[in-house]
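Below, chains carry the letters A, B, ... as their sequence lines are ordered, and counting in each starts from 1. Excluded from the calculations below are hydrogen atoms, water molecules and symmetry mates; all remaining heavy atoms, backbone and side chain alike, are included.
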2 protein chains.
Amino acid sequence: MKAKKKKENFRSDCPISSALDLFGDKWSLLVIRDLVYFGERTFKDFSNADEKISSARLSDRLCKLEVLDLIIKSNHPTNKKVFVYRLTEKGMDLFPVIAEYVRWSNKYLNDHINEPAKQFSKQLEEDREGTLLKFMQKSS
Amino acid sequence: MKAKKKKENFRSDCPISSALDLFGDKWSLLVIRDLVYFGERTFKDFSNADEKISSARLSDRLCKLEVLDLIIKSNHPTNKKVFVYRLTEKGMDLFPVIAEYVRWSNKYLNDHINEPAKQFSKQLEEDREGTLLKFMQKSS
DNA sequence: TAATTTTACTTTCAATTCGGAAGTAAATAT
DNA sequence: ATATTTACTTCCGAATTGAAAGTAAAATTA
C-alpha cells in the first residue's frame with residue numbers, strides 16, 4: 001500500500017542534495033527510465049529489467065515514488081490482480097536528468113554500454129531539445 | 001591514499017544504471033558540485049559544506065572519485081599538510097547532469113531551495129547552453 | 001623552542017539499508 | 001478443481017552509513 005508520507009529531512013537547501021535526498025538511490029531513476037521508455041509497466045515488467053532488482057526493494061521504491069508523485073499506480077483494464085504504473089509530469093520532468101547521464105556514459109563508458117543507448121545519445125547530441133520533446137510528448 | 005582500482009561490477013549495460021553504479025550515492029555529486037562552484041577545495045572545505053558529511057565518508061568518496069578520474073588531488077602550494085582537489089574534464093562533464101537536477105528542484109522544490117540556486121536555475125532557463133559553457137570554461 | 005592548534009585523515013561501532021530467498025494471497029488460466 | 005501467475009511481504013545475514021573519537025604530521029602561537 002501507499003505509505004503515509006513521513007516528512008522528508010533534507011540535508012540542506014541545495015537543490016542537488018535535496019533531489020538526491022528524494023530519489024538519489026541506485027534504483028529510483030531506473031524505474032523512471034523504464035517508464036520513460038515503455039510508457040507503462042507492471043511490477044513484473046520492472047522485475048524483468050536487466051538489473052534484477054529484488055521484489056522487496058522494488059516494492060518500496062514504487063511506494064516512495066508514488067508518495068513523491070513521480071509515478072501513479074492504477075488498475076489494469078482487464079486483470080484485477082495487476083497494477084499499471086505510469087509517470088506523472090513531475091516524474092517525466094526527470095527525463096532531462098536521465099538524458100544527461102546517458103550522454104556522460106556514452107562519452108566515458110562507451111565500450112560498456114548497449115547499442116540502442118548509443119543511438120539515443122547520438123540523437124541527443126544532434127538535437128537535444130528536439131529529442132527530449134519527442135520523448136516527453138509521446139507520453140502525455 | 002588512492003586505493004587500487006578494483007573492478008567495477010556493473011549491473012547492466014545501461015548507461016544510466018552504469019553511471020549510478022559509479023557515483024550514484026548521496027555524496028559524490030555534492031563533491032562535484034562544490035568543485036564546479038569553487039574550482040578547488042580542501043578536505044576541510046568539503047567538510048564545512050551545509051550537508052555535513054562525516055570525515056570517514058568524505059575520505060572514501062574522495063578516494064573513489066580520484067580512482068574514477070573525476071577529480072585530481074594535488075599538493076597545496078605552501079602548506080605541506082593540505083591537499084587541493086580539482087575536477088578533471090571527466091568530472092566537469094557531469095555539470096550538465098547537475099544542472100538538470102537544479103532545474104528539476106527549482107520547479108518542484110522551489111520553496112525549499114536557496115536563492116542563489118534559484119538565480120542559477122533562472123539563468124539556465126534563459127540560456128542553457130551559454131550558462132553551461134560559461135561555467136565549464138571558467139575552470140579549464 | 002616548546003606548546004598549541006590545525007588539517008587530513010583513520011578507526012570503531014551501532015544503526016540503517018540492502019540483496020536474496022522464501023512465503024502468501026488473490027486472481028487468472030488450465 | 002487445480003495449477004500458475006502476479007504482486008507483493010517477511011526474514012535475515014551482509015554491506016553501507018553516520019557519528020564520535022583518535023592519530024600524526026605540519027603549521028602557528030607563545
Worksheet entry | From CA spacing to verdict: salt bridge (Lys or Arg N to Asp or Glu O under 4.0 Å), A/Glu51, A/Arg33 | CA-CA 12 Å; A/Glu51 294 84 9; A/Arg33 169 202 66 185; 2.8 Å; yes
Worksheet item: When B/Glu125 is tested against each of B/Lys107, B/Lys118, B/Arg103 for salt bridge (Lys or Arg N to Asp or Glu O under 4.0 Å), which residue passes?
Response: B/Arg103
Worksheet, complete the sentence: Whole-Å distance, A/Asn48 CG to D/dA7 P, equals 10 Å
Worksheet item: Checking all strands, does B/Arg11 fall into the base, sugar-phosphate, or nothing category for heavy-atom contacts under 4.0 angstrom?
Response: nothing
Discussion item. Within the 4.5 Å heavy-atom criterion, are B/Glu100 and A/Tyr101 side-chain neighbours or not?
Written reply: no
Worksheet item: What's the CZ-P distance between B/Arg41 and C/dT7, to the nearest Å?
Response: 13 Å
Item to complete: Could you verify whether a donor N or O on one side chain and an acceptor N or O on the other, from B/Ser17 and B/Ser12, lie under 3.5 Å apart?
Response: yes
Discussion item. Can you tell me which residue among A/Asn75, A/Thr42, A/Leu62 is in a side chain to side chain contact (heavy atoms under 4.5 Å, CB included) with A/Phe83?
Written reply: A/Asn75
Worksheet entry | Closest nucleotide among D/dT17, C/dC9, D/dA19 to the B/Ala56 side chain | D/dA19
Item to complete: Please report, rounded to the nearest Å, how far the P atom of C/dG19 is from the CD atom of A/Glu51.
Response: 12 Å
Item to complete: Report yes or no: is the cationic atom of A/Lys73 (NZ for Lys, CZ for Arg) closer than 6.0 Å to the six-membered ring centre of A/Tyr85, at no more than 45° off its axis?
Response: no
Discussion item. Whole angstroms only, please: what is the CG-P distance between B/Leu62 and C/dT7?
Written reply: 16 Å
Worksheet item: Does anything in residues 75-84 of chain B reach DNA chain D, meaning a heavy atom under 4.0 Å, and if so which residues?
Response: B/Thr78, B/Asn79, B/Lys80, B/Lys81
Response to the item:
To the nearest angstrom, the CZ-C1' distance between B/Phe46 and C/dT6 comes to 18 Å
Fill in: Given D/dA21, D/dA7, D/dC8, the nucleotide with the shortest approach to the side chain of A/Lys44
D/dA7
Discussion item. If hydrophobic clusters are built from ILVMFWY residues whose side chains come within less than 4.5 Å, do A/Met92 and A/Val84 share one?
Written reply: no
Worksheet item: Does the B/Trp104 side chain pair with the main chain of A/Lys90, one donor and one acceptor, at a distance under 3.5 Å?
Response: yes
Fill in: Between C/dA8 (P) and B/Asp60 (CG): distance, integer Å
17 Å
Practice prompt. Using a heavy-atom cut-off of under 4.0 Å over every strand shown, decide if A/Thr42 touches base, sugar-phosphate, or nothing.
Written response: sugar-phosphate
Worksheet item: Under the 3.5 Å rule, do the base of D/dT17 and the side chain of B/Ser54 count as making a donor-acceptor pair?
Response: no
Discussion item. Checking contacts here: which listed nucleotide (D/dC8, C/dG19, C/dT12) is nearest the side-chain heavy atoms of A/Arg57?
Written reply: C/dG19
Discussion item. Can you list, in residue-number order, the parts of residues 20-28 of chain A that come under 4.0 Å of DNA chain C, counting heavy atoms only?
Written reply: A/Trp27
Practice prompt. May I ask you to evaluate whether B/Ser59 reaches the phosphate of C/dT10, defined as a side-chain N or O under 4.0 Å from OP1 or OP2?
Written response: yes
Fill in: A/Thr88 side chain reached by A/Ile71 side chain, heavy atoms, under 4.5 Å
no
Worksheet item: B/Leu58 has an atom CG; how far is it from atom C1' of C/dT7, in whole Å?
Response: 12 Å
Worksheet item: Are the side chain of B/Asp50 and the backbone N or O of A/Asp13 linked by a donor-acceptor pair below 3.5 Å?
Response: no
Worksheet item: A/Tyr85 near the nucleic acid: base, sugar-phosphate alone, or nothing, with a heavy-atom cut-off under 4.0 Å?
Response: sugar-phosphate
Discussion item. How many whole angstroms separate atom CZ of A/Phe43 from atom P of D/dT5?
Written reply: 17 Å
